[in-house]
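What's counted below: heavy atoms across the whole structure, side chains too, no hydrogens, waters or symmetry copies. Numbers restart at 1 for each chain; the letters A, B, ... are given by sequence-line order, proteins then strands.
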Amino acid sequence: MKKIFDLLCIAQQRWEKTIRIMKLTAGLILFAMISASAVNSYSQTARINLNVKDATIVDIFREIERNSEFGFFFKSEEMNLEKRQSVKVSDATIDEVLKKVLDDNYSYRILDKNIVVTKGNFEVIQAQQSKKVSGKVTDKSGVSLPGVSVVVKGTTTGIITDADGKFSLNVPANATTLIFSFVGMQTQDIAIADKTEVNILLLDETTAIDEVVAIGYGTQKKKDLTGSVTNLSADKLLDRPALNVAQAIGGKVAGVKIIERTGAPGGEVMIRVRGTNSINSANEPLFVVDGVVGVKNALTLLNPNEIQSMDVLKDASATAIYGARGSNGVILITTKRGVAGKTQVEYNSYVTRGTMNRKFYVLDAEQMMYVTKQAWMNVNKYATSPNWSACFDASILPTGAGGKTYSEMPYLFEQTTQGGYSVPLMGADGNYYKPRFDTNWESQIFKPSTSTNHQVNIRGGNDVAKFGAFLGYSLEDGLLDHSNFRRYSGKLNGDIKVSDRISISTNLGINRSKEQVNDESFFSGGIARAAVEAYSILPIQYPNDPLYGTYAGQWSSNADFPAGETPHNPVHITNDVEDFVNRTQITGDVTFNYKITPELSFKSNIAVDLNFRKRNKYAGRAINTGENGSVDIQTENTTYWQNENYFNYSKTMGDHAFTGMIGLSWSRYEYENFQGWNSNFFDDFYGWHNIGAGTATRPRVSSWDGQNSLNSYFARANYTYKGKYLFTATGREDGSSRFGSNSKYGFFPSGSFAWRVSEEDFAKKVESLSNLKLRLSVGQTGNQEIGSYVTQTFISSENVVMGGTVIPGLYPSSVGNADLKWEKTTQYDAGVDLGLFKDRLTINADYYYKKTEDMLLDVPLPRSTTVGQVKKNYGTIENKGYELTIGSHNVKSNDFNWFTDVTFSANQNKILQLGPTGADILRNYWVGGANTILREGESVASFFGLTRLGTYSTEEASLAARYGFVPGDVKYLDRNNDGAINFVSDGSVLGSAFPKWDMNVGNNFTYKNFDFSIDLKASFGAKKENRTNHSSEDRQAMANGKNSILNAWRPDHQNTMIGQVRPGNGGAYYQTYPDTHWIEDASYLRGEGMTFGYTLPKVILQKLDVSKIRLYATAKNFFVITKYSGYDPEGSDRDNQDTTTPGMDFFMYPRPTSYTIGVNVIF
Amino acid sequence: MKYSLLLVLGIGLAFGSCQSFLEEKPTEKLTSETNITSAAGGLALATGPYRSLRLWTQGGDAWGKNMAASLEYATGKAYTQYQASILNLYESNALSGDYDYFINQWNNWYQGVRDCNLALSMLPNVTGLTANQKSSYIAEVRSLRAFYYFNLVRYYGDVPYNTGVLTDIALASQPRSSLKTIYDKIIVPDLEYAVNESTLADVQSSDGRITKLSARTILADVYLTMAGYPYQEVEAGDTTKCITGAWTMTDYPVKTPSAKAFLLKAKTQLDFLYGKFSLGTYDDMHNPAMNNKGEAIFQAQYLAISDRDNGIVQVSLPLASQISQNDENGTFVPSLAYHDAYSAVDKRVQDRQYFFYSDTRSTKYDANEGPAAKFSMPFLYKYYDKVSIKMGGRSGLNWPFYRYSEVLLMLTEVNWTLAQNGEAISADDLTKGINAIRNRALLPAYASVDITLKSIMAERAYELIFESKMLWDMRRTRKALKDGSGQFDALENFVGHQPKNFNYQFSAKHLLSPVSATEIANNSVCQQNFGWAPVQKGK
């Protein structure tokens, strides 16, 4: 490979510096710095101090680079490394220095901050030039690129583009090609032929192996990585509008599974890196934001606009440096920082319209009356007791004594003729009636939403101090009325060079959010359930007309049609409940960097993460009649601080390169909670604002607090031989307060090896091969995410009622375990990184095997002697899988480019060993029994239940009778054939809530100023439990239901899964169990995102004096193809946020399809 | 270099030794290390064991479920309107230890046992208590432990023996001990301590705490039960019958010296209790103002606030009848046949005594409180807490474990049984108890010749309906009342008896309830009762 300039070190390091320099700033200092920014030509003003001994010329260049902003470009083979010299100058210009250190064999040219050094005489070379070529270099969004190296191929002649991205170069007459190169961009060869003007577009080199990625406690060139790390840059993260980090990374990293658990604004997100390792401990990866370890709510609250890049550490080699917190993967987030030079102001804004894309099909008024009437006609068939007669029949059926009939409910029914309504509804007066109203409740509570987002980023500074200021506002409006999420975020950071050796970085971020919650009710299933189960014959509010008597102007309720349960009117709830969750997060850090020697540096940081959460909830008097209005206020304060101190060492000797890191840290997490509850308000006026106005007999207050601490020692060593054979070893010793007195400390080692095959001579012969690396790693990480104090034997206090008052009573509440220690995950990873055709095609593939042992399991114990469980190290889980990432630049030209990115992940999870007896652990008890099961040999996310065979036909009457049933009843598989349907012994595993594989395919097209992208997401093999089948299908005529009830068994329609309709409220039995009919295939193909963008051309921008304006339109979640019948194939309802089993759906909050228009402006 | 090393050293010193940095000091809960020495701490220790009593009326894992209902449904004399309560599975013999009716009862009662064990291990060291206080607290706690075990053995038969505080989880799995051992080593000594040795006072409890009078009542019931089944059959030799189901004895009363000795001891307590309380009106049963008053002896204590309220009120109302501000479940309902077995002139079946037959609609549904739809059958009025039902809010009505009526009925039964065992009993002693009950029900008094096992058991059925008594009566006597009109048609053998609503006859299996499935799963040495699932698979 012919390379004219070795773009050695500094350009590279400068890039690193800009984005990675450790941070720090207090707001006031920042503004003082702005004025300090210099504009004079740097080479004239810069003063250099140099003091080297026995140094080669390259060493001297590096030293100058280290102490200034100059960058050197030279051909390394031209440099005389034999010669060593000692130089001492102070306060010299660069010219003075270079004249002193370069002998006559060399000449140099200074282009602002870039210095090109060449053997021989520049002037001589230039004398041969015969032709002038000029032009401009821009990036794909049209922004001009300064500092791009433009070199005549085959020569050392070159130049750097100026601040406007322009260049003008004399080239030899025989020159045919110019090479354009820039760090972070793909190098381009451009034929010049007879052209005198060459305008070119450089493209991001996103898969380039020279890219720098963050690893724990440092950075590394991607080519030197031995572990499995995926890097996402800001432009990748924000290629479509994203309100939070979860939305930003969804589908973009192989091996990372993001499940947006509800469609509610600011909703819950589940994230898994390479599967689920743990049953009773946390499974969320560790978030490290700018070195702050374990930042809370990073996935949902952090503003993605503040992020410069994100690195996902997946294998043990990468995560083991985080020891006891590394088992679930680590996500490193580096936020944007100040830049030297012209102050850059950026403004981004968008507006989003969200709409429903799926709906429930419920019984309309006519269907509801049909089902109700049919059901009551079956009451005697299914109300088994011999002493039972149909109750309330009169209120529903046309004849009977007492109670209300249609004629007594003029507010709901109006008179019609016989046959005037498809369902004959005869009142006690002998007349026929029909419903007055037909309401679709779903469309009354779910309405299109409008969300907005504004973001301002200001970045600037000089070589001494840089600052960044970031302000953001987001309003995410939910589809459900009165549900929304507002976030105000502000961040200031600064990087200050105190001396040549010492620098300080600071960060201060404030994040304030206010969430209005409305996904709830006073029965399980929340408001979305009320939308399905509110009778369709009800109005929202009765018209204010005397015709409606006492009902006039009132909210309706299922109680108005007294045939079933009485859930509230969902619109009424929406209006009478106020529920706000306010969160404030303050994150800050100060990092001190000290360059002890050129090889050795020291870094120390102090960081805090403070979180305040307060929930204010008031349920009005009319809604909460039992309590006449109730207030619930909950507060939570958490404080996290850390101090980390570590040394980095780096040394190259010939073919041997060595880097090392060693450090220690302390951290502590403290939490304080307080809750207050009161009820019995004489008026709704006070809401939650004055909890003392309530007059409950016994208002409730409670509080709890605690803390946990971590003390760690960590080290890493990398060794590279000839740039081809790479070795990494890490180790971390963690001590945690959460563990038993007998095992406070744990050690977590890892080792890895990589072979850069493409650097071997034989591989270099393969023209098309630009990169080939094989990686192997093994290591152990831990999981400590259990509550504080679980090792202790507690005596708790409960307020016991004695004689009309309460007094405290003590009782044993836990079983201690002083031997409790870490959950340990051993992970093996084998990977290959392949780059072809100058990395136009890149493929990363990994296979991993993870085994988690000594799980922090809630081991069930007999209740006869214990509280029923103890946290104990027991059991084993394995996860294994494949990951594949493909990046391809399919079409490459100046005007038109087409990129394709594919990520594919497949993970398989299996419980190898469970509790001491190996007994199943049944969990998630709900109607009918346990909905999930932990069983050896099965996935941790396994659903459990009966097998629904259908319904008993009339021919099967005797078979039905064996089970005490009759034709028309639901028929279940009697697995053990014992003549009884027993949920546990006849139940079996019904599938896993996690998919067999996930795939994301993104295509991105650019044509001149236009760009277009489309992302498709596919997921295969997951099951989801549609619990709505319980209350809206199995259970009939107790409320309104899904219109699938129309498919119920009838004598003339016996081949169905749904039992004959019957009124549960009439004493009729019905069967409802978690079963195969509730479990649905949740595979899907989703239109995740589609964006069309346009960047305004330069001519217009120049008139506006703006660097860049891009306008775009995006559609998200624009289609979903799935067999799942609920709102979305992924996610759960609010009450079912189980940590191992996603996809339990009892009326989840629907996820919107959204349409966005937005603008990015860079001034 | 120098500076950085100093820095690290400095930081290291600032935080002191790592061990103390990682020490755990819980601030919100006491631990087993805590020393409780004050008198108030002693009271808290003696109070914790009461907390499980309120669970008697609490629900299971679905709407409308109720633990007390399971104790009635098993007799075949209950009905449920809301079938999703799973109670109807009793009717087809389809239950197993997997259901919460057996899991929760096991857990609740053993929770009570563990709470007592903790208190008993710590109370002796509470230096702030006087000797008298200590003695009475220990007596309270031991009486409660006896009560929890008494329920466990009556429901499940043999159960694990646990009187300590577990410190080594390796010892958590314990096999079931013979019910005779549980009676002999725990229940009787605990209660006899309270009655014979402690400083408890012989007064009516005013706040739900155990007094000597309540301990005497429980002890009398324990003796009476030990004079019957299954204790007497186990005492006859074979201690494996819970597992084998080889129960054969059916005669009641049991005429053994042991039975007679227990009956004599019961008589001593009952004679002492006689006249210590007075009967009130049936309204007292559902009047929270009469909590711990009148004929109340030992009650589960409730307050009209959530989580501390009585769950029975809501479940005993007709399903979705709209008579209450709160939910109405219809899952705690005596069967129609049970109701029909009352004499028509019995005061207890007159409207709004023990039963009610109609009601007004709640203002929640009808501002004018018009009449509710006609009830399809009689519903229990015994727990009709009017304030809670009509005004909304929770119910603070107490639940009766023992009341004076039962003492009176036990007195008659013990005397009659002793007479069958050859003891000389006066006519007055035979009839005075039962006639006090009949008198209040406006029924004619019995002469001594009218006193038979059937008339005693029938009177218990009428008076103590749905007070969690009939299941125990059936099991200790192995007799069941056959429904009839205006009377019970017969008192027949339990085995072979088929309740009207059931599609099977009771067999030896139904003399016990299935052991909790979670206990079977997590205690590998715990065997299941005969005929029930799930059985121990063990590892």
Hey, could you give me the [atom1]/[atom2] distance between [X] and [Y], rounded to the nearest 0.5 Å?
| X | Y | atom1 | atom2 | value |
| --- | --- | --- | --- | --- |
| A:Thr805 | B:Asp207 | OG1 | CG | 10.0 Å |
| A:Asp920 | B:Lys537 | CG | NZ | 6.5 Å |
| A:Ile807 | B:Arg209 | CD1 | CZ | 4.5 Å |
| B:Tyr82 | A:Met1038 | OH | CE | 4.5 Å |
| B:Thr518 | A:Leu922 | OG1 | CG | 10.0 Å |
| A:Met802 | B:Thr47 | CE | OG1 | 6.5 Å |

Could you give all pairs that pass the side chain to side chain donor-acceptor pair (under 3.5 Å) test and reach residues 860-869 of chain A, with sequence neighbours left out?
A:Ser864-B:Glu519

What part of [X] lies closer than 4.5 angstrom to a heavy atom of chain A: side chain, backbone, both or neither?
| X | value |
| --- | --- |
| B:Ser173 | both |
| B:Tyr302 | backbone |
| B:Pro160 | side chain |
| B:Ile36 | side chain |
| B:Ala367 | neither |
| B:Trp109 | neither |
| B:Asn162 | side chain |
| B:Ile305 | side chain |
| B:Leu303 | both |

Residue selection (most heavy-atom pairs with chain B, distance under 4.5 Å) from A:Asp978, A:Asn799, A:Val815
A:Asn799

Is A:Lys744 paired with B:Glu23 through a side-chain N to carboxylate O contact shorter than 4.0 Å?
no

For chain A, find which of [options] contributes the most heavy-atom pairs closer than 4.5 angstrom.
| options | result |
| --- | --- |
| B:Leu30, B:Thr27, B:Asn291 | B:Leu30 |
| B:Gln301, B:Arg308, B:Arg54, B:Arg114 | B:Arg114 |
| B:Asn93, B:Asn523, B:Asn107 | B:Asn107 |
| B:Ala533, B:Ser92, B:Ser96, B:Ala94 | B:Ser96 |
| B:Gln299, B:Glu328, B:Lys25, B:Met122 | B:Lys25 |
| B:Gly396, B:Gly330, B:Ser205, B:Ala172 | B:Ala172 |

Part of [X] lying under 4.5 Å from any heavy atom of chain B:
| X | value |
| --- | --- |
| A:Tyr789 | both |
| A:Leu710 | backbone |
| A:Val859 | neither |

Output all residues satisfying ring pair (Phe, Tyr, Trp, His ring centres under 6.0 Å) with A:Tyr811, sequence neighbours left out; order by chain, then residue number.
none

